[in-house]
Amino acid sequence: MEYHLMERALQLASQGWGKTRPNPLVGAVIVKDGKIISEGYHHQYGSDHAEVDALKKLNFDAKGATLYVNLEPCSHYGKTPPCVNAIIDSKIAEVVVGMKDPNPLVAGRGINILRSKGIKVVTGVLEEEAQKLNEVFIKYITTELPFVILKTAMTLDGKIATHRGDSRWISNEDSRTYVHEIRNRTAGIMVGVDTVIKDNPALNTRIQGQEVQHPLRIIVDSSCRTPLNSKVVTTVKEQATLVATTEYASVENRKRLEDAGVEVLVIPEANGKVDLKQLMKELGKRKIDSILLEGGGTLNYSALEAGIVDKVMSFIAPKLIGGKEAITPIEGNGKERISEAYQLNNISYRTFQDDLLIEAYLQKDQ
């Protein structure tokens, strides 16, 4: 098996980051007589799927060729016709698939159709890599809930700010640039109202020399205290803002935000605060497939307790702040016993100059 060809399909697929949602990231490579004769990928939502994109670029007859694709070809009509039809019509002889499509509308059907037409299908090639690339799609298509990434930036002694609240800048410029790349890939960015009041963040995407996608700004604000002069309100015409609140918020507070162009979404309360599980359900209905959680320690803890977090991205800077009153990434009541701690797995590491990024996934069977 030519694994480097599947690796190329994955590379091509990644070029669709932030543009295909809620569709998956898919790349395709067509090979004949040991040579790549065409490549393609899903460029954006509503455009040709990767397989069709590659077939349309062909300058050679595809009869007898092999197609490498990181996700099972679709077999249903959506924004575009089924990819299996185009593959069959092209006379491709073999299809190598990274992973089966978790979409209930496909779920092996595309593979079965290809095999029924005499096309050889090989599955599970670089499957783990394929699943990681489309982890957002897998979560959303199977649960209709957003994939939530909890991002923190802290010092080596576990502080996200001094006891006076100063947090600029803990991580270095390279780390911050990468965070903007992640923002560019996600549908929503979520913080608590206290972060808005204290830091007045823009919560936008800034990548030099590149057209960007601004995520929906989601402010968890049970009483609608978001200031009208905050950046998330004053720039609402350039980037949408949604305030998730409860019935405890006064009608006057809701109206002043709505009059300023902010969408106010009333969510059932849990212990006097926005029920984050219900909020995720509502956001999922709006096709928000992914959320970057950049909240403070209180919201981070609430998100962990609610079980909505899928992945953690923790930037660690080689700095020491000290002080028992300095702020940590996870506040709240915390756990009473080590045995109750949130467990993480599938750990990976990378560096940005002298910053260390640890990525890990929440163990869901706790």
Side-chain angles (χ1 to χ4, degrees), residues 1-16 20-43 45-144:
M1 187 58 59
E2 301 291 343
Y3 290 101
H4 71 279
L5 294 171
M6 186 61 74
E7 289 174 348
R8 178 58 182 163
L10 290 165
Q11 290 171 357
L12 289 164
S14 66
Q15 295 182 45
T20 67
R21 61 177 179 255
N23 282 355
L25 298 163
V26 186
V29 178
I30 301 176
V31 181
K32 188 173 182 179
D33 298 327
K35 296 181 179 180
I36 295 176
I37 60 173
S38 188
E39 297 180 336
Y41 70 96
H42 187 31
H43 290 248
Y45 179 70
S47 70
D48 288 333
H49 289 186
E51 303 92 321
V52 174
D53 185 46
L55 287 168
K56 284 185 175 180
K57 294 175 181 175
L58 266 176
N59 294 319
F60 300 87
D61 183 1
K63 184 177 181 180
T66 298
L67 168 68
Y68 284 77
V69 61
N70 59 292
L71 186 71
E72 174 185 359
C74 68
S75 56
H76 65 289
Y77 282 88
K79 289 285 185 180
T80 60
C83 291
V84 292
N85 293 357
I87 295 170
I88 292 166
D89 292 341
S90 73
K91 307 299 183 183
I92 281 176
E94 181 179 7
V95 177
V96 180
V97 177
M99 62 171 284
K100 292 183 179 180
D101 194 334
N103 186 344
L105 294 175
V106 185
R109 186 167 176 264
I111 292 171
N112 291 337
I113 291 174
L114 292 174
R115 285 175 173 162
S116 72
K117 298 298 182 179
I119 297 173
K120 180 182 178 181
V121 181
V122 179
T123 62
V125 177
L126 299 186
E127 186 173 21
E128 288 186 11
E129 291 86 343
Q131 290 174 340
K132 184 167 185 179
L133 179 70
N134 272 309
E135 59 191 12
V136 169
F137 173 72
I138 294 170
K139 166 80 180 289
Y140 183 70
I141 202 67
T142 56
T143 67
E144 298 184 346

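Here the CG-NZ distance, from Leu58 to Lys56, works out to 12.5 Å after rounding to the nearest 0.5 Å. The distance from atom CD of Glu72 to atom OG1 of Thr123, rounded to the nearest 0.5 Å, is 9.0 Å. Atom CE of Met99 sits about 12.0 Å away from atom CD of Glu129, to the nearest 0.5 Å. One distance of note links CG of Leu12 with CG of Leu25; it measures 11.5 Å at 0.5 Å rounding. Here the CG atom belonging to Asp48 is positioned 12.0 Å from the OH atom belonging to Tyr41, to the nearest 0.5 angstrom. Atoms CZ and CG, on Arg109 and Asp101 in that order, are 12.0 Å from each other to the nearest 0.5 Å.
Of all heavy-atom pairs between Tyr140 and Pro22, the closest is CE2-CB, 3.9 Å. Listed here is the closest heavy atom pair of Leu71 and Pro102: CD1-CD, 4.3 Å. Summarising the geometry of Ala28 relative to Leu67, their closest heavy-atom pair is CB-CD1, 3.8 Å, with the distance given to 0.1 Å. The nearest pair of heavy atoms linking Ala65 to Ile30 is CB-CG2, 3.9 Å. Heavy atoms only, all atoms of each residue included: Gly40 and Asp53 are closest at CA-OD2, 3.2 Å. Summarising the geometry of Ala13 relative to Gly27, their closest heavy-atom pair is CB-N, 3.3 Å, with the distance given to 0.1 Å.
With a 4.5 Å cut-off on side-chain heavy atoms, Ile141 and Pro104 count as touching. The side-chain heavy atoms of Ile36 and Leu5, taken from C-beta on, include a pair separated by under 4.5 Å. For the pair Leu55/Asp89, no side-chain contact is recorded, criterion being any heavy-atom separation below 4.5 Å from C-beta on. Using a 4.5 Å heavy-atom threshold, the side chains of Glu2 and Val31 count as separate. Between Val69 and Val97 there is a side-chain heavy-atom pair separated by less than 4.5 Å. With contacts defined as side-chain heavy-atom distances shorter than 4.5 Å, the pair His49/Val26 does not qualify. Inter-residue side-chain proximity for Val136 and Arg21 is flagged as unmet; no heavy-atom pair is nearer than 4.5 Å.
Every residue meeting the side-chain contact (heavy atoms from CB on, under 4.5 Å) condition with Ile88, not counting sequence neighbours, appears here in chain and number order: Ile113, Leu114, Lys117, Ile119. In this structure, the salt bridge (charged side-chain N to carboxylate O under 4.0 Å, His left out) partners of Glu135, at least two apart in sequence or on a different chain, are Lys311.
In this structure a side-chain-to-backbone donor-acceptor pair under 3.5 Å is missing from Asn70 to Gly98. Side-chain atoms of Ser38 come within 3.5 Å of backbone N or O of Ala54 as a donor-acceptor pair.
The 12-atom threshold is not exceeded at NZ of Lys100, counting heavy atoms of other residues, nucleotides or ligands nearer than 6.0 Å. No more than 12 heavy atoms of other residues, nucleotides or ligands lie within 6.0 Å of CD in Glu128, so this atom counts as exposed by the packing criterion.
Exactly one residue among Pro73, Pro82, Cys83 makes a side chain to side chain contact (heavy atoms under 4.5 Å, CB included) with Val52. That residue is Cys83.
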